[in-house]
Amino acid sequence: MPFFKADHLVMRFGGLVAVNDFNLELQPGDLVGLIGPNGAGKTTVFNMITGVYRPTSGRIYFQDKDITGKRPDIITALGIARTFQNIRLFTDLSLIENVMVSYHVRLKSNIFEAVFKLPRYMRQENAMYEEAMELLHKVELDHLAEEKAGSLPYGEQRRLEIARALATHPKLLLLDEPAAGMNPNETLQLMDFIKQIRDEFDLTILLIEHDMKVVMGICERIWVLDYGKTIAVGTPSEIQNNPEVIKAYLGEEEYA
Amino acid sequence: MRKEKLYLRYLLTLISIVILFLIIWWADGHLDNYYKRVLTVSGIYIILGVSLNLINGITGIFSLGHAGFMGLGAYTAALLTMSVAQKQMTFFIEPLISPLDKISIPFLPALLIGGVVAAFFGLLIGIPTLRLGGDYLAIATLGFGEIIVVVFNNTINITNGALGLKGLSPYTNLWWTYGWAVFTVFFITRLVNSSYGRALKAIRENEVAAQAMGVNIFYHKVLAFIVGAFFAGIGGGLLAHLLTTINPVAFNFFLTFNILIVIVIGGLGSITGSVIAGFFFPILLEWLRFIEAPMDVFGIHIPGIPGMRMVVFSLLLLIVMIFYQRGLMGRSEFSWDFIIKRFVKD
Ligand SMILES: Nc1ncnc2c1ncn2[C@@H]1O[C@H](COP(=O)(O)OP(=O)(O)O)[C@@H](O)[C@H]1O
Ligand SMILES: [Mg+2]
């Protein structure tokens with residue numbers, strides 16, 4: 001059994017087939033890209049993996065478990081975390097609180113221990129705080145720990161979202177267009193950062209990107225979706241020269 | 001940042017509580033009954049406002065059932081404290097069912113049981129509706145509020161029907177009320193500032209993201225809902241033993257509406273706001289009594305219009321909603337840090 005496997009996933013919304021027969025296998029430590037034009041079904045794949053949508057058919061396996069259709073919070077607890085294409089931070093909470101929310105699922109104290117600040121709770125609360133601070137430090141946001149997340153500029157919001165996902169202690173991290181809205185220089189830095197966290201936290205990463213060029217540099221393998229169908233799978237150089245892929249992207253440019 | 005001056009803050013809180021109880025001690029000895037009563041109602045409104053704010057303001061689910069939970073707490077506590085003789089006198093249409101007719105227990109355990117009964121009903125209503133998301137809870141709790149009044153009216157061998165319960169011992173005084181108010185504020189503030197509170201606020205801020213970060217949405221919504229219901233039940237029990245007479249219509253939607261006014265004016269999501277608005281609401285309501293009395297304005301006689309005060313409050317609510325949406329406090333809280341920074345030089 002592979003570390004992660006998506007087996008013949010199909011997602012239908014009424015008459016629209018958003019994802020058609022999607023197959024993917026990941027080994028620990030993989031850094032794989034999922035690319036394709038707008039509306040190709042990339043985010044829908046993430047939503048199926050993380051339990052936001054139950055696939056119309058097909059199964060999803062993670063670490064020898066069938067996780068198809070499980071609740072998102074359960075899937076997160078099993079070790080799959082994500083970020084969102086349209087950033088979804090807890091805008092009115094501080095940066096440190098945003099990260100600390102992710103530790104709540106592992107809290108072992110009940111609400112009375114928390115309210116009366118009993119020793120066991122306080123130990124966990126302090127540990128959460130230290131760890132969250134460390135994560136904020138890694139994404140270079142620790143100096144803003146007490147600021148509200150909503151007050152951050154766009155690029156820093158994306159970094160905070162990654163820190164928040166890392167705080168759930170994932171084994172598989174799904175990043176949905178993490179470089180969207182960044183300039184080329186910021187994008188380069190981000191890609192370095194992604195490689196770095198993969199090594200540091202022993203992660204397997206699946207990365208959605210709209211712009212093909214961005215993932216070429218860091219992904220070892222790439223899946224290309226178009227209109228819900230997987231039109232190509234391969235190494236960056238294979239993908240770059242694949243006529244179907246070129247056609248899909250050219251088609252998009254004609255509309256744009 | 002976090003641990004700095006922690007002891008100073010505890011000390012200041014302790015001193016404030018001591019001062020509060022000194023004021024109560026003074027008020028208890030010097031004010032006449034009318035003022036004491038108004039202040040007691042204020043204390044009860046603090047409990048009600050803060051507990052509804054936990055549900056609606058902190059967790060971001062919209063409950064309209066607070067009066068229903070208060071009713072459950074009020075009836076439960078009242079049936080437990082009433083003396084056997086008083087019960088026999090009150091239930092002259094149909095006798096009270098056994099074993100309630102033989103029970104009479106002290107105030108505190110009766111209040112607590114009232115709170116637990118309210119919380120239990122919170123669980124019963126929360127489980128089917130909070131799973132659905134959206135505004136189901138608002139509709140379900142609105143229905144629950146109406147149904148509970150009908151039930152109180154018709155379970156004559158438990159609630160004595162429309163006649164209600166009379167002759168309760170007037171246990172509720174400033175001490176009981178402000179003791180509970182302090183405990184409610186303490187409990188809910190600590191809850192909101194704990195890991196549980198972060199989860200609740202995360203749900204309010206972005207449910208999809210909260211769930212993706214591992215928060216069990218349903219469990220935490222139910223948790224907030226039953227904690228809120230518990231304190232509503234306590235507030236109901238206190239109110240019952242202040243009024244000494246309760247009947248079903250006392251717990252209809254108008255009461256919920258009053259508490260909604262408190263939390264919206266105070267600021268949804270601000271406990272400080274609910275404390276301030278909860279304290280002043282009953283005082284303002286009393287003070288506005290004069291507009292319901294007949295008056296002569298420039299020689300024109302205006303007859304008294306009962307209900308005018310609620311018209312004024314509804315207008316006030318509208319004005320807040322339109323011009324000052326975040327209420328008095330927005331989502332800010334009172335904090336000692338702010339005061340320490342002003343007076344203590346590092
Ligand atoms: N909840 C939904 N209901 C209906 N259609 C949806 C839903 N989610 C996505 N879609 C449709 O599925 C298709 C794929 O969307 P998406 O996965 O977001 O594309 P991508 O992320 O590749 O840009 C689009 O046509 C989109 O409109
Ligand atoms: Mg997308």
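Hydrogens, waters and symmetry mates are skipped; everything else that's a heavy atom, side chains included, is used. Residue numbers begin at 1 in each chain, while the letters A, B, ... track the order of the sequences.
- For the side-chain hydrogen bond (donor to acceptor under 3.5 Å, both in side chains) with A/Tyr154, the qualifying choice from A/Arg158, A/Glu156, A/Gln157 is A/Arg158, the only one to do so.
- Applying the side chain to side chain contact (heavy atoms under 4.5 Å, CB included) test to B/Pro109 and every residue at least two apart in sequence or in another chain returns B/Ile105, B/Pro106.
- No more than 12 heavy atoms of other residues, nucleotides or ligands shown are found within 6.0 angstrom of OH on B/Tyr324.
- Chain A forms the most heavy-atom pairs under 4.5 Å with one residue out of B/Gly269, B/Ala199, B/Ala212, and that residue is B/Ala212.
- Residues of residues 75-91 of chain A placed with any heavy atom under 4.5 Å of a heavy atom in chain B are listed by number as A/Thr76, A/Arg82, A/Phe84, A/Arg88, A/Leu89, A/Phe90, A/Thr91.
- Looking at A/Phe116, the atoms closer than 4.5 Å to chain B (heavy atoms on both sides) sit in the backbone and in the side chain alike.
- In this structure, A/Phe3 has its ring center no closer than 6.0 Å to that of A/Tyr61.
- Side-chain contact check for A/Met11 versus A/Arg54: every heavy-atom pair is 4.5 Å or farther apart.
- Residue A/Leu107 touches chain B through its side chain alone, counting heavy-atom pairs closer than 4.5 Å.
- Considering all non-hydrogen atoms of both residues, A/Gly41 and A/Val19 come closest at O-CG2, 3.4 Å.
- You'll find the side chain of B/Val275 reaches within 4.5 Å of the side chain of B/Val50, heavy atoms only.
- In terms of non-hydrogen atom pairs under 4.5 Å with chain A, the most contact-rich of B/Val227, B/Leu223, B/Val208 is B/Val208.
- Residues B/Phe230 and B/Phe69 keep their aromatic ring centres 6.0 Å or farther apart.
- Contact count against chain B (heavy-atom pairs under 4.5 Å) is highest for A/Asp92 among A/Thr168, A/Leu93, A/Asp92, A/Ile74.
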